[in-house]
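Please read the structure below before turning to the comments.
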Protein chains: 2
Amino acid sequence: VATKAALSAVKKLHQKKYRDDAGLFLVEGRKSVEEAVKSNAPIQSVFVHSGIIALIPFLGALKNKNVPVYEVSSKELESISDTETSQGIIATVSYQDHTALEKSLLQKKELLVVCLEDISDPGNLGTMIRTCDWFGVDAVVLSKNTVDLYNSKVVRSTMGSLFHIPVLQDVDLPVFIRTAQKNKCSVYSAELSHSVDFRSVKAEKKSLLLIGSEAHGISKGLSALADYHIRIPGFGNAESLNAAVASGILISYFKQQA
Amino acid sequence: VATKAALSAVKKLHQKKYRDDAGLFLVEGRKSVEEAVKSNAPIQSVFVHSGIIALIPFLGALKNKNVPVYEVSSKELESISDTETSQGIIATVSYQDHTALEKSLLQKKELLVVCLEDISDPGNLGTMIRTCDWFGVDAVVLSKNTVDLYNSKVVRSTMGSLFHIPVLQDVDLPVFIRTAQKNKCSVYSAELSHSVDFRSVKAEKKSLLLIGSEAHGISKGLSALADYHIRIPGFGNAESLNAAVASGILISYFKQQA
């Protein structure tokens, strides 16, 4: 049984401050928790509604790994859940530690890394991570002002992709880009002006793609560091493309070239 | 001044039943209303917060066209607004009438039409329409079970693109597809299985792209009608691509070929 103190600690994980303190984030919904289990994510505890406990086959595997599984009431679940229509299951999972990867990543011989600058919309960030997963991007790198990766809306909208590919958070992008260039990566910045049609550039074996938010694009500082400035040509009257859609088009092109 | 009866009538437009009865939908937010004005959309009335009325230059143009502009209080605005953070302006706009276009569209010599089957997520539908606008698609055609085009979340997420390109609603897709084929259109259905890499097919001068929802894909009935079945190859572990992202990748490819 989950104690009040345990539930209260879980509830606090909806706030970044407490997540950072505990090094834990929440994964809500059956599909997302299942992806975490399949991906051997470091699950610390699971809270599941008593009504569906018998219907979830992967709980057995968790218990075998000594992960505590707590049966909770509707009211208890509601008190710790962020989503209006909770699907009856929430897990706490340890932050991913990518320190080792951060060092080895840029040494790979072939590489496609996507750097996201200051994306503020959680759903968009989640969709972008999912798109990177689909195309087998080697890593996603987030600038310091990007929305928190462990925000529950981001986690939900990655639909498990957060557990499939490495996502580096809170990265000093100018430093990362310079290091990448020293390691023979070519840097492509997606920008609407002073840029060329993306299909006119060749993707190098080691490529780094910079994508900014739809509202602000890539900052001048980052843009100045890029080797290529590319855009997706528009034919109609829309002012901009959704950032996740733009990412998909560019990543698809880079993967096709590789 | 807006009467209580007028405000009550506007509020009802959040429900499809009343929208259909009145042939009117709501456009909220300064940017979206501005796009409607620029695009000469048939605006019937505008409700604007007294605090910002002096800050909106395009209101003069509306008054010159004899469109009634009502000054409303915060409370009145809240009562008719759907969005939590209303931007202080709401317009009622007549439904678009595409009857004439529906007849002439398929007679064009070059053509890219995007047919969407049963998209249920309003934000996704809006983003897809915006993507079609970006690429200058000739028309977007929606199946009968697609979320209502005039749903306020759809309207908002099109970011004005609804006023830039024709969107045909409530269309019997099997009939539309057969008619298109009689008019020498090639039909490409986006499907994950029994399909080929999209880059292995050539876009014909008259092309029709079928895209389904992420959850259900294209129905068997529609799939059977298609001339080509295409997919976006995946390299990672994600189960699917977001439908708007997938649309963007395919439309970009078809436009590049044309």
Side-chain angles (χ1 to χ4, degrees), chain A residues 31-32 34-35 38-39 112 121 123-124 126-140 157-166 192 197-200 214-215 231-258, chain B residues 31-32 34-35 38-39 112 121 123-124 126-140 157-166 192 197-200 214-215 231-258:
Chain A
K31 188 84 193 76
S32 293
E34 190 172 2
E35 282 299 318
K38 275 194 204 166
S39 311
L112 178 57
D121 183 86
N124 249 345
T127 303
M128 286 158 115
I129 291 171
R130 196 148 67 92
T131 305
C132 288
D133 180 20
W134 178 266
F135 286 109
V137 162
D138 294 277
V140 182
S157 55
T158 70
M159 291 174 75
S161 287
L162 175 58
F163 306 115
H164 301 154
I165 54 164
L192 280 176
D197 187 331
F198 70 100
R199 293 163 311 209
S200 71
E214 192 173 330
R231 72 165 173 278
I232 301 167
F235 301 80
N237 295 306
E239 277 184 22
S240 60
L241 266 177
N242 171 279
V245 173
S247 311
I249 293 169
L250 295 175
I251 297 168
S252 169
Y253 177 74
F254 273 72
K255 266 293 168 180
Q256 155 194 359
Q257 293 257 308
Chain B
K31 187 84 193 77
S32 293
E34 191 174 2
E35 282 299 318
K38 275 194 204 165
S39 311
L112 178 58
D121 183 85
N124 249 346
T127 302
M128 287 158 114
I129 291 171
R130 196 148 66 92
T131 305
C132 289
D133 180 20
W134 178 267
F135 286 109
V137 162
D138 294 276
V140 182
S157 55
T158 69
M159 291 175 75
S161 288
L162 175 58
F163 305 115
H164 302 153
I165 54 164
L192 280 176
D197 187 332
F198 69 100
R199 294 163 311 209
S200 72
E214 190 172 330
R231 72 164 173 277
I232 300 168
F235 301 82
N237 294 308
E239 278 185 21
S240 59
L241 266 176
N242 170 280
V245 172
S247 311
I249 293 169
L250 295 175
I251 297 168
S252 170
Y253 177 75
F254 273 72
K255 267 291 167 181
Q256 155 194 0
Q257 295 257 307

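Note on naming: letters A, B, ... go to the chains in the order of the sequence lines (proteins, then strands), and numbering restarts at 1 for each one.
Of the atoms belonging to Ile232(B), heavy atoms from both backbone and side chain fall under 4.5 Å from chain A. Contact annotation for Thr131(B): both backbone and side-chain heavy atoms come within less than 4.5 Å of a heavy atom of chain A. Of the two parts of Glu35(B), only the side chain, counted from C-beta on, holds a non-hydrogen atom closer than 4.5 Å to a non-hydrogen atom of chain A. Ser252(B) touches chain A through backbone and side chain together, each having a heavy atom under 4.5 Å away. Contacts of Met128(B) with chain A are absent, with no heavy-atom separation under 4.5 Å from either backbone or side chain.
Judged purely by atom type and a 3.5 angstrom limit, Asp133(A) uses its side chain to pair as donor or acceptor with the backbone of Asn237(B). At distances below 3.5 Å, at least one donor-acceptor pair connects side-chain atoms of Arg130(B) with backbone N or O atoms of Ser240(A).
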(message) Test side chain to side chain contact (heavy atoms under 4.5 Å, CB included) on Phe135(A) and Ile249(B); report intermediate values, then the result.
(response) CA-CA 12 Å; Phe135(A) 286 109; Ile249(B) 293 169; 3.6 Å; yes
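Note that CD of Glu239(A) and NZ of Lys31(B) are 4.0 Å apart. Values are rounded to the nearest 0.5 Å.
Heavy-atom pairs under 4.5 Å with chain B peak, among Ile165(A), Asn242(A), Ile251(A), at Asn242(A). Heavy-atom pairs under 4.5 Å with chain B were tallied for Gly160(A), Ser161(A), Gly136(A), Ser247(A); the largest tally goes to Gly136(A).
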